[in-house]
Amino acid sequence: MEYNFSEIEKKWQQQWTKNGSYKVSNDADKPKFYVLDMFPYPSGAGLHVGHPLGYIASDIYARYKRLKGFNVLHPMGYDAFGLPAEQYAIDHGIHPAVSTENNIKNFRQQLDNIGFCFDWDRQVLTSEPSYYKWTQWIFLQLFKGWYDRKQNKAMPISDLVQRLEAEGNKHHPCPGEPKLRFTAEEWKGFDHRRQQEILMNYRLAYCGLGEVNWCEALGTVLANDEVVNGVSERGGFPVIKKKLRQWYLRITDYADRLLEGLEKVDFSDAMKEMQTNWIGKSFGAEVTFDVHTPGAPTTGNPASVPGGPAVSDSAANTPGGPGAHRLTVYTTRPDTIFGVDFMVVAPEHELIEKITSSEQRQAVEEYIAYVKSRSERERMAEKKITGCFTGAYAINPFSGLQIPIWISEYVLAGYGTGAIMAVPCGDDRDFKFAQHFGIPITNIIGDYYNGKEANATKEAKLQNSDFLDGIVMKDAIVIVINKLEERGIGIRKTNYRMRDAAFSRQRYWGEPFPIVWQGGEQSEVPEHGGAQPGQSSIATPLDEKDLPLELPHVEKYGPGPEGEGPLANVASWTARHLETNTMPGYAGSSWYFLRYMDPHNEDVFCSRQASDYWGQVDLYIGGTEHAVGHLLYSRMWTKFLYDLDQIGHDEPYKRLVNQGMIQGSSRFVYRVELKGTQEVEELARKTPVFISCGLRAIEGTPELHELVTMAVRNIFNNAAIEISQIAYSQLHVDVNIVDGVELETAKFKKWRTEYNNAEFILEEGKYICGVEVEKMSKSKFNTVNPDDLVNRYGADTFRMYEMFLGPVEQSKPWDTKGIEGVHRFLRKLWRLFFDETKGRIWTTDKVTDAEFKILYKTIKKAEDDTERFSFNTGVSALMIGVNELTDLKCHKKEVLEKLVIILTPYAPHVCEELWQLIGNEGSVLDAPYPKVEEKYLVESAKNYPIAINGKTRTEMNIALDATQQQVEALVMADEVVKKWLEGGAPKKIIYVKNKMINVVI
RNA sequence: ACCUGGGUGGCGGAAUUGGUAGACGCGCUGGACUUAAAAUCCAGUUUCCCGCAACGGAAGUACGGGUUCAACUCCCGUCCCGGGUACCA
């Protein structure tokens, strides 16, 4: 009787489906456990071996918890809206709904092959109207909500309106326009339009202007990814920044709660760190500097600046006439105010054109043009220091000194005020900038500054700092802030690096906004960036009973006339004045974990009963690439729904485990490009010549030239061939036609018609490919399809091998080779029960202590490893167990059936089969997880390693209850130890019970 | 550039709390079984040195320092690779 995996797996997959083995009920007397995977985007490329890694891990854990007696929810679905399907539609004319459906069918087939325990009755699809109805509904609640900072929670906007009517906005300043103040009377005096304008600036989902990458030639907005070297990736057309009306989520209102929430969830420290840094909460001050441009009239003595509005960075309402400008910076280190040697403003800063001196104007304009040609990504990644002096000076409010104002791309417009005060002795980037441009550096920290690099210490006693001299920096911070506030030239300020989340896309394949623009044309975008977009129209929510607002069918996916989304071209849509933007990819994924709990509910997004039963996701598995996007958004939505009392918990995920990426291991061939006579080049064009990787290493040498010449003469059978120059190009080759690193040349010739008559320059008779570890991707020909492996080795082997590859949380390159070993393990397990010739060999004989010891040792290790997600060592423990039982020729049912149970989460099919074959009733899926009997594991002695000065020299078997004295006596009597001591006495003997012994001499 | 993770044999990796570095598996080498192959089983496999051999010695966890009786593990610095950096998902 052989281990026939394909029959077994087919049989049990059918059986489990038939029996509804994976259906999950919303009420059970068992404790609940919710295991969730980050659902996939159903890409056209299908699954590669990297996808299932996390799913297998979660599947093992879900099955393990089920064996442990939990009611386990383990659902799956698809994040089905997104850019690739739309791009595919543009390229191939296939509607995204159609390609998405096909892709999902394919995904499902592939997933089913692997034998997951998903409850498919609960599948969610974000692109289904029955699902996005509720995405739209939640959006409407956000639109109709505002954040009450007094109560620290979201409230309905109607509640705000009542307050504004009663008391104006003095207790609830407007987050979108902090300086706006009005009384109840003023509020009542505003017309409807103005009131709506103001409310927009309170809403949690609001409209504003945002900069996008605009490509005129493609007539579309591009993602940062799609912009390379300042031009579009497709076509290489110029890309500029353009302001468009956008929707935003006011996630910044939740910044503090998103930070606090991290304390009560079980995420990795790295993950918490990343989110914390992303939110980037900092404390400091905004400081306003007067600006003076030589050649223009100035405001005179800084001390005489009138109180007025404390902070303003615009000249418009600054008294003092033309030329009187002010620059506001944000700093976390106001204590260094006397060390400010220059100011830097972002190239986008609106003050630049007003303050630039006539001498510097041309240089500034050139610099700004240069910055515009660079993508955001490049600006950040640039090591090179660039900048330009504006010709203007800021006046240090304390010293009265003139400080040059520079522009540089390392200051970003979106952070703080878009301007900084630079303190080169205390900040590394400022230091490098000062050095590069020869700006003199003021030392305010004495010996802490060595003149060679900046020192960001807060411990130094300040020098050259007037009234701060002698004060330790960290104490000076608050002194300066108080002084700033006293004099009305600054305020204390908490700043967040995180910005509000852009929530609209000028695309087709996403959720439509349930918004109608009333009283005007929504496409009117003010030319000069006025505070309010679409001034003549008012965003009005659709009635909730009219949801879902279904995405209309379109034939073309091009952008609208003003760069709006494709919906702007749909006459019926624009006739109703519906919003033409759609929601971004992360909308649907921000709450899908709730829908799984109650997927078919038509009355609410998820009943309170269901969400109270399932509560938080107990285990969430997904990649770190979502660390700051999806995870923050979904955490915010959860908190919002909690504020509205729609759900009873305010953190979606109790525990998060990040699976690593499985990287592709790419293979390369090297095509030789010959330069020589026309005849040679012609020949080489018709007959591509490839050189083996190892030979290529001697590139440029005469040896290579000779080698290639000889080879080419040989190939073309023409001894007269002369080659003037050799180059080669590195090309990806499909990993599936490479055996290890050796190219299967016959398959290669068939791979592409142009290679049909390829010739090879071999090393030692083989063509060796180049190797590089890269992201797994179709275009790199390094993807490995799980289906092939499942067909060849079975799902159980595949599952175990993916786990055996290494720690789930670690990224590692894929290598198919080792899969044989895991397959051998399962066959070896099978042979504990059945013999090929003899058939059944399992018995009901009495189990020996030695056999029990192996069993319980294995259970203990496997359970422990499964519990802590160390699946690779778990598999290893199971292998060791089977090896040892095989060595003892143990075929006893009592041992084997317990082994089968603990293996079930990893290899469910073969375990179910064996479970039945040894005569058990019911399914192994619900078998009780065996308890470890510790009595078989008790040891009385240990083989201690004996180290001399920390280096292991010998071993000794010593009783575990030995005392220090006993151990010392035994050790001193040992021959090896004596030899090392050479008659002397040891300085010390260190004895760590159950660990080791170290003799120090 | 910034944030974050990683670097251990020919390869994937193990070493859970500072305590025998290389578990388990792949590959490779040799052997057994077989007409042969597959399958299976046995032995060996970090590098270098000495030696007939057993035993033995030295080095060794990216690199350079440090702490400690003891460091893959902790600290300081450097290099390299992956992920993220706000419109890929």
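Naming convention: chains lettered A, B, ... in sequence-line order (proteins, then strands); numbering from 1 in each chain.
- Among the heavy atoms of the strands lying under 4.0 Å from A:Trp980 are primed sugar atoms or P, OP1, OP2 only; no base atom is included.
- For the side-chain hydrogen bond (donor to acceptor under 3.5 Å, both in side chains) test, no residue two or more places apart in sequence or in another chain qualifies with A:Asn994.
- Other residues, nucleotides and ligands place no more than 12 heavy atoms under 6.0 Å from the NZ atom of A:Lys993.
- First and last contacting nucleotides of RNA chain B toward chain A (any atom under 4.0 angstrom from a heavy atom, 5' to 3' order): B:A1 to B:A89.
- A:Tyr248 is linked by a ring-ring contact (aromatic ring centres under 6.0 Å, His included) to A:Tyr206, counting only residues two or more places apart in sequence or in another chain.
- Qualifying side-chain hydrogen bond (donor to acceptor under 3.5 Å, both in side chains) partners for A:Tyr41, counting only residues two or more places apart in sequence or in other chains: none.
- Every residue meeting the side chain to side chain contact (heavy atoms under 4.5 Å, CB included) condition with A:Ala454, not counting sequence neighbours, appears here in chain and number order: A:Phe431.
- For A:Trp247, the side-chain hydrogen bond (donor to acceptor under 3.5 Å, both in side chains) partners at least two apart in sequence or on another chain are A:Glu579.
- Here A:Arg868 lies in heavy-atom contact (under 4.0 Å) with a base.
- Among residues two or more places apart in sequence or in another chain, the side chain to side chain contact (heavy atoms under 4.5 Å, CB included) test is passed with A:Arg827 by A:Tyr3, A:His823, A:Arg824, A:Arg831.
- Among residues two or more places apart in sequence or in another chain, the side-chain hydrogen bond (donor to acceptor under 3.5 Å, both in side chains) test is passed with A:Gln964 by A:Glu968.
- A heavy-atom distance below 4.0 Å to RNA chain B is reached by these residues of residues 878-887 of chain A, ordered by number: A:Met879, A:Ile880, A:Asn883.
- Here A:Glu863 pairs with A:Lys68 under the salt bridge (Lys or Arg N to Asp or Glu O under 4.0 Å) rule; sequence neighbours left out.
- Proximity of residues 985-998 of chain A to RNA chain B (heavy atom under 4.0 angstrom from any strand atom) is restricted to A:Ile990, A:Val992, A:Lys995, A:Met996, A:Asn998.
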RNA chain B base-pair string [pairs: Watson-Crick or G-U under 3.5 Å; |: paired with another strand] | (((((((..(((......[....)))((((((.......))))))((((......))))..(((((..]....))))))))))))....

